[in-house]
Engineer: 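Starting off with a structure, shown below.
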2 protein chains.
Amino acid sequence: MHFSKTAEYAIRVLSYLHRHHETSHSVNVLHQELDLPYKYLTKLMTELAKKGLVNASRGREGGLSLARSADTIYLCDILEAIGESLEHERCILGFDKCDALNPCALHDQWVKPKEMIETMLTTTTLASLIQNKETKL
Amino acid sequence: MHFSKTAEYAIRVLSYLHRHHETSHSVNVLHQELDLPYKYLTKLMTELAKKGLVNASRGREGGLSLARSADTIYLCDILEAIGESLEHERCILGFDKCDALNPCALHDQWVKPKEMIETMLTTTTLASLIQNKETKL
DNA sequence: TATTATTACTACCTTTAGATAGTATATTAT
DNA sequence: ATAATATACTATCTAAAGGTAGTAATAATA
């Protein structure tokens, strides 16, 4: 019951780019600042660039920056970009189809937690994340 | 943002044992009735037996049955039995320590969904699961 | 134009969850 | 006792996520 490492990394990196949006940052800087595995980050950032969440430019003075305003980037956008869709319809017990008419044994109990998670993912933007000097990234 | 396969299997099997508690059931029967991988189930049931959730007896007329009343078995007990603890303190962004004083960027947004999940896991018993003929197991 | 700093690409390695195979051991009905 | 039916144990395989290595392509700047 948690995010994948990839999701964690993506959120942390994008949050960092938002907080330091005055300039672009190389993968190496992100790697050092956030203590994330360099080569894996390279791969991830390429993916996020393809999906249009970040601008990537090569060469000297190149690097990465947010492609859109942080208040238009929702957590669900980030998950989608890395191939982890919202799974609105994903059944908690893994069944293909599971709804009120044709429920799994846990369907009713899962309704509220599911809603809360969904709300969190669809209403939280990068810009709305906690940010102060003490906040962990 | 979902249960592991192992957790799914454990919940489904235990729910089945509850609904058919008049007798014990062999792994083979559970395998066929619930369409779960036989050998993997064998391993899982041995584990659940060790952890005291089911009684296992060998030989003819042997098989598996719930070791306790279904209204004393909570979802969190099941997760704990398979080594997936509640992770009360698990940070959504993977940080070791993350609390109100020393929060990660997502801490505030995660509070409510986390509570809902925790409530679900600590209040839902096997006995309280949906059960009718149509319910998927 | 040569150098340097950067991302992009291709291929492979590692770890872990999930799944399988074969054999040993226990129980009980006959 | 013996045969049949179970779980228990040990070892291994597979697939996917996570992570690494080396090289090619690109762009700024001196």
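Chain identifiers are assigned alphabetically (A, B, ...) following the order of the sequence lines, protein sequences preceding nucleic acid strands; residue numbering begins at 1 within each chain.
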Engineer: Say whether B:Leu14 and B:Tyr74 are linked into one hydrophobic cluster, either directly or through other cluster members, by side-chain heavy-atom distances under 4.5 angstrom.
Structural biologist: no
Engineer: Looking at D:dG18, I'd like to know if its phosphate oxygens (OP1 or OP2) sit under 4.0 Å from a side-chain N or O belonging to A:Tyr9.
Structural biologist: no
Engineer: Please tell me whether B:Met116 and B:Val111 are part of a single hydrophobic cluster in this structure, the criterion being side-chain heavy atoms less than 4.5 Å apart.
Structural biologist: no
Engineer: Starting at CD of B:Glu84 and ending at C1' of C:dT16, how long is that distance when rounded to a whole Å?
Structural biologist: 13 Å
Engineer: Nearest whole angstrom, please: distance from the C1' of D:dG19 to the NE2 of A:His31.
Structural biologist: 13 Å
Engineer: Which whole-number value in Å describes the distance from B:Leu64 CG to D:dT5 P?
Structural biologist: 17 Å
Engineer: May I have the distance from A:Gln32 (atom CD) to C:dA5 (atom C1'), rounded to whole angstrom?
Structural biologist: 14 Å
Engineer: Find the distance A:Leu44:CG to D:dG19:P and express it as a whole number of Å.
Structural biologist: 11 Å
Engineer: Check whether any side-chain heavy atom of A:Tyr40 sits under 4.5 Å from a side-chain heavy atom of A:Thr6, and report yes or no.
Structural biologist: yes
Engineer: Side-chain N or O of A:Lys5 less than 4.0 angstrom from OP1 or OP2 on C:dT15?
Structural biologist: no
Engineer: Between atom CD in B:Glu47 and atom P in C:dA19, what is the gap in whole Å?
Structural biologist: 16 Å
Engineer: Taking the basic N atoms (NZ, or NE/NH1/NH2) and the acidic carboxylate oxygens, is any pair closer than 4.0 Å for B:Lys43 and B:Glu47?
Structural biologist: no
Engineer: Please pick, from C:dC9, D:dA8, D:dG19, the nucleotide with the shortest atom-to-atom distance to any side-chain atom of B:Thr46.
Structural biologist: D:dA8
Engineer: Is there side-chain contact between A:Arg68 and A:Leu53, with heavy atoms separated by less than 4.5 Å?
Structural biologist: yes
Engineer: If we only count heavy atoms from C-beta on, is the A:Thr122 to A:Cys76 side-chain gap below 4.5 Å?
Structural biologist: yes
Engineer: Let me have a per-nucleotide readout for nucleotides 20-30 of chain C, 5' to 3', with B, S or -, counting only protein heavy atoms under 4.0 Å.
Structural biologist: BBB--BBBBS-
Engineer: Rounded to whole Å, please give me the gap between CG in B:Leu30 and P in D:dT7.
Structural biologist: 8 Å
Engineer: Using whole Å, report how far CG of A:Asn28 lies from C1' of C:dA8.
Structural biologist: 16 Å
Engineer: Name the one of A:Leu34, A:Leu129, A:Ile130, A:Asp35 that satisfies side-chain contact (heavy atoms from CB on, under 4.5 Å) with A:Leu137?
Structural biologist: A:Leu34
